Amino acid sequence: MFIKKEVGQEEIILNISGPLNDNTTAECEKYLDDIVTGTHRIVTVNMAEVDSINSTCLRKILRTSQLLLAQNRLFRIVGCSDLLYSTFQKLKVENLIMIEKTPAL
């Protein structure tokens, strides 16, 4: 499930719950595309309730981060489970994206 929550005009939070797998890839891509074409300067993806991620969704997240960075916008992931954070560390994702284990409020 994907829920967008605006925090003023500057920030948007995308709350994701459940696995990011073949069944949710298209929806994940749609929400991230919408964020890229939006105007919020700060984009936070709350993954506190995500237990797994497939390579397609991970690539889309990395691409979204690159596009936002090119637009001088901030992209960050918050609320990672220990397992998901460990996956990100193994893939060195934290070298490319700001990742915080604590979820957004």
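All of these numbers come straight from a predicted model, not from anything done at the bench.
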Applied to residues 27-39, the side chain to side chain donor-acceptor pair (under 3.5 Å) test, sequence neighbours excluded, yields K30-D34, D33-K60
Practice problem: Give the cluster check for M47 versus I99: same hydrophobic cluster or not, with ILVMFWY residues linked at side-chain heavy-atom distances below 4.5 Å. | Solution: yes
Any donor-acceptor N/O pair, R73 side chain to V36 backbone, under 3.5 Å
yes
Do I53 and I61 have side chains that approach each other closer than 4.5 Å (heavy atoms only, starting at C-beta)?
yes
Tracing side-chain contacts under 4.5 Å among Ile, Leu, Val, Met, Phe, Trp and Tyr outward from M98 reaches I42, L74
- Query: So if you build clusters from Ile, Leu, Val, Met, Phe, Trp, Tyr with side-chain heavy-atom gaps below 4.5 Å, do V93 and V50 land together?
  - Reply: yes
Across all chains, not counting sequence neighbours, the salt bridge (charged side-chain N to carboxylate O under 4.0 Å, His left out) partners of E49 are none
Smallest heavy-atom separation, L32 atom then L14 atom, equals CD2-CD2, 4.1 Å
Across all chains, not counting sequence neighbours, the side chain to side chain donor-acceptor pair (under 3.5 Å) partners of D22 are N54
Rounding to 0.5 Å, atoms CD (E6) and CD1 (I13) come to a distance of 10.5 Å
Notebook entry, point to check: Should Q71 and L68 count as side-chain neighbours, where that means a heavy-atom distance under 4.5 Å?
Noted result: yes
- Would V43 and L69 show up in the same hydrophobic cluster when neighbours are defined by side-chain heavy atoms closer than 4.5 Å? no
d(E11 CD, K5 NZ) to nearest 0.5 Å is 9.5 Å
Separation between CD1 (I77) and CD1 (I16), nearest 0.5 Å, reads 8.0 Å
| Minimum side-chain heavy-atom gap L96-S65 below 4.5 Å | no
Side chain to side chain donor-acceptor pair (under 3.5 Å) pairs touching residues 81-91, sequence neighbours excluded, are D82-K101
Please answer: with hydrophobic residues joined when any side-chain heavy atoms are less than 4.5 Å apart, are F88 and L20 in the same cluster?
yes
Would you kindly confirm whether F2 and L58 end up in one hydrophobic cluster when ILVMFWY residues are joined by side chain heavy atoms under 4.5 Å apart?
yes
Contacts of E10 meeting salt bridge (charged side-chain N to carboxylate O under 4.0 Å, His left out) (sequence neighbours excluded), chain-then-number -> R41
